[in-house]
Amino acid sequence: ERVIEESVARAAKSHRQIAESQVGLDHWKAERSRLQSRLGEALGLDPLPPRTPLAARTVGVLERDGYRVERVVFESRPGFLVTANLYLPDSVSAGGHPAVLCPGGHWALAKTEPVIQARCIALAKQGFVALTYDPFGQGERDVPGNDHYEYFRSILVGRNNMSFMVWDTIRALDYLCERPEVDPARIACTGASGGGLNTLYAAAIDKRIAVAVPVVYVTRLKEFLETRHSHCPCSHVNGLADFADMGDIIALNAPRPTLLLTASDDTSFTPAGARGAADQARTAFELYDASQALEV
């Protein structure tokens, strides 16, 4: 109980300090730079790892009604294979297509989970290029003894699960930008649960994500901790409450369009927590005269 109260108090203090610095756009830009640096350090991504060759290759193609799926493999780090599915509309041509990156959540079937396939198929049939990949330790990347337990090993050297997951998303963005069919200026990112947290942090780090839609994840740390749920290790970023609350991470997206989706019966990431986080972030969007760009 005391640990929860202390963490909530630290997060609230961190947010107040950030909010007090937002007296003008120039002040916020300076604060944003500091906050992004702190977040990068906490994620183990400051400095960013080297952008080594992706060595991307297509290992198979599935032709379907109105779209096709390319089975893709690329390396987010040397020898660190990322297995992905790229959904392309039948009418695809070089250049001009918007794309949606869909990092997966904690689904049993990873990138092939029916709800993820349905989302990507629907996007492709509407003219989008959609990319989804197996999260670290899931799907074709499942290694015995890996899964979430990698967190407890990596934290000893200042890393966590998100150090790998967010970097995979950044390299997936690199891959999309290399595809001739994709307009690099129109790339969105969305995912649910673990995909939502991946979307949140990746958008805060990489401004190439033009639109962010984290689903059933975003909440203030107060509501997050007061659920008394253990939560998965992916949800824990080293020392986050010492410099920010979750709404402050959302604020890093301003003025890019950001939609927070929640579920009324979600007891882990509550609607009240999502609304609270949006309220924390709103000031930053208002400084850009973009309050309409943030919705919950």
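The figures that follow rest on heavy atoms only: side chains count, while hydrogens, waters and symmetry mates do not. The model shown is predicted, which means the values in this text are computed figures rather than measured ones. Residue indices begin at 1 and follow the sequence shown.
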| Is the shortest distance from a Lys or Arg side-chain nitrogen in Asp26 or Lys29 to a carboxylate oxygen in the other one below 4.0 Å? | no
| query | Applying the 4.5 Å side-chain criterion to the ILVMFWY set and letting contacts propagate, would Ile249 and Val216 be lumped into a single cluster? | reply | no
| remark: Across all chains, not counting sequence neighbours, the salt bridge (Lys or Arg N to Asp or Glu O under 4.0 Å) partners of Asp168 are Arg141
| field | Gap separating the CD atom of Gln17 from the CG atom of Leu35, nearest 0.5 angstrom | value | 11.5 Å
| field | Arg119 side chain reached by Thr190 side chain, heavy atoms, under 4.5 Å | value | yes
| Is Asp90 salt-bridged to Arg68, cutoff N-O under 4.0 Å? | no
| From Asp206 CG over to Asp174 CG, what is the distance, rounded to the nearest 0.5 angstrom? | 7.5 Å
| task | Return the orientation label for the Phe80 and Phe164 ring planes: parallel under 30°, perpendicular over 60°, tilted otherwise. | result | tilted
| task | State, without any angle test, whether Tyr133 and Thr169 hold a side-chain donor-acceptor pair at a distance under 3.5 Å. | result | yes
| request: Report yes if the side chains of Leu54 and Glu178 come closer than 4.5 Å at any heavy-atom pair, otherwise no. | output: yes
| field | Asp248 and Arg32 ion-paired at < 4.0 Å | value | no
| field | Partners passing side-chain contact (heavy atoms from CB on, under 4.5 Å) against Arg275 (at least two apart in sequence or in another chain) | value | Pro271, Ala272, Val296
| task | Mind jotting down which residue pairs meet the salt bridge (Lys or Arg N to Asp or Glu O under 4.0 Å) criterion with at least one end in residues 212-227? Sequence neighbours excluded, please. | result | Arg220-Glu223, Lys222-Glu226
| field | side chain to side chain contact (heavy atoms under 4.5 Å, CB included) assessment of Phe74 paired with Val82 | value | CA-CA 5 Å; Phe74 63 88; Val82 180; 3.5 Å; yes
| Tyr87: partners by ring pair (Phe, Tyr, Trp, His ring centres under 6.0 Å), with sequence neighbours left out | none
| message | Is any side-chain heavy atom of Arg179 closer than 4.5 Å to one of Leu131? | response | no
| task | Mind listing the closest non-hydrogen atom pair of Trp28 and Ala251 along with its distance? | result | CZ2-O, 3.6 Å
| message | Given Val213, which partner from the list Leu259, Thr258, Val100 fulfils the side chain to side chain contact (heavy atoms under 4.5 Å, CB included) test? | response | Leu259
| request: For the residue pair Ser93 and Glu181, establish whether any side-chain heavy-atom pair is separated by less than 4.5 Å. | output: no
| query | Charged N to carboxylate O under 4.0 angstrom, Arg10 versus Glu6? | reply | yes
| said: Hydrophobic clustering (ILVMFWY, side-chain heavy atoms < 4.5 Å, transitive) - are Ile116 and Leu86 grouped together? | reply: no
| Which atom of Ala204 lies closest to which atom of Leu252, heavy atoms considered | CB-CD1, 3.8 Å
| message | Main chain of His229, side chain of Thr227: is a donor-acceptor contact present, judged purely on distance under 3.5 Å? | response | yes
| query | Between Phe224 and His236, is the gap from one ring center to the other below 6.0 Å? | reply | yes
| request: Name all residues meeting the ring pair (Phe, Tyr, Trp, His ring centres under 6.0 Å) criterion together with Phe285; count only those two or more places apart in sequence or in a different chain, and write none if there are none. | output: none
| message | Within the structure provided, determine whether Pro103 and Cys189 are in side-chain contact (heavy-atom separation under 4.5 Å). | response | yes
| remark: CD1 (Ile209) and CG (Asn253) are apart, to the nearest 0.5 Å, by 8.0 Å
| task | Examine Val218 and Leu261 and state if one hydrophobic cluster contains both, with Ile, Leu, Val, Met, Phe, Trp and Tyr joined whenever side-chain heavy atoms are less than 4.5 Å apart. | result | no
| request: Heavy atoms only: give me the nearest Gly105-Gln138 pair and the separation to one decimal. | output: O-NE2, 3.1 Å
| message | Before you tell me yes or no, could you show the steps for Val129 and Leu176 under side chain to side chain contact (heavy atoms under 4.5 Å, CB included), namely the whole-Å CA-CA distance, both residues' side-chain angles and the distance that decides it to 0.1 Å? | response | CA-CA 9 Å; Val129 174; Leu176 280 174; 4.3 Å; yes
| Looking at Ala241 and Ser7, what are the two nearest heavy atoms and their distance? | CB-O, 3.8 Å
| request: Write down the atom of Pro89, the atom of Ala124, and the distance for their closest heavy-atom approach. | output: CB-O, 3.0 Å
| request: Check the surroundings of atom CH2 in Trp167: do more than 12 heavy atoms from other residues, nucleotides or ligands lie under 6.0 Å from it? | output: yes
| said: Would you say the ring centers of His231 and Tyr217 fall short of 6.0 Å from each other? | reply: no
| So, Arg159 side chain and Val157 main chain: donor-acceptor pair closer than 3.5 Å or not? | yes
| message | Run Cys102 and Thr199 through side chain to side chain contact (heavy atoms under 4.5 Å, CB included) and show every step you take. | response | CA-CA 8 Å; Cys102 300; Thr199 297; over 6 Å; no
| query | Among all residues two or more places apart in sequence or in another chain, which pass the ring pair (Phe, Tyr, Trp, His ring centres under 6.0 Å) test with Phe128? | reply | none
| Between Lys111 and Glu140, does at least one N-O distance fall below 4.0 Å, as a salt bridge requires? | yes
| task | Identify whether the distance between the nearest side-chain nitrogen and carboxylate oxygen of Glu70 and Arg57 falls below 4.0 Å. | result | no
| message | Using 0.5 Å steps for rounding, measure from the CE atom of Met165 to the SG atom of Cys234. | response | 4.5 Å
| message | With a 4.5 Å cut-off on side-chain heavy atoms, are His27 and Leu287 touching? | response | no
| request: Provide the closest heavy-atom pair for Ala108 versus Glu113 in the form atom of the first, atom of the second, distance. | output: N-OE1, 3.5 Å
| query | Of the options Asp134, Val72, Thr112, which is the one that meets Asn85 in a side chain to side chain contact (heavy atoms under 4.5 Å, CB included)? | reply | Thr112
| Do Tyr175 and Arg171 have side-chain N/O donor and acceptor atoms under 3.5 Å apart? | no
| message | Could you check whether any side-chain heavy atom of Ile170 comes within less than 4.5 Å of a side-chain heavy atom of Arg208, counting everything from C-beta outward? | response | yes
| query | Going through the distances and angles, do Ile187 and Val182 end up as a side chain to side chain contact (heavy atoms under 4.5 Å, CB included)? | reply | CA-CA 8 Å; Ile187 299 178; Val182 172; 4.2 Å; yes
| task | Look at the side chain of Ser163 and the backbone N and O of Asn160, then say whether any donor-acceptor pair between them is shorter than 3.5 Å. | result | yes
| message | Counting only heavy atoms not in Glu295 (residues, nucleotides, ligands), do more than 12 fall under 6.0 Å from its CD? | response | no
| request: Output the distance between atom SG (Cys232) and atom CG (Asn161), rounded to the nearest 0.5 Å. | output: 6.5 Å
| Heavy-atom check, side chain of His97 versus side chain of Asp183, under 4.5 Å | no
| field | Arg256 CZ to Ile250 CD1 distance, which is reported to the nearest 0.5 Å | value | 12.0 Å
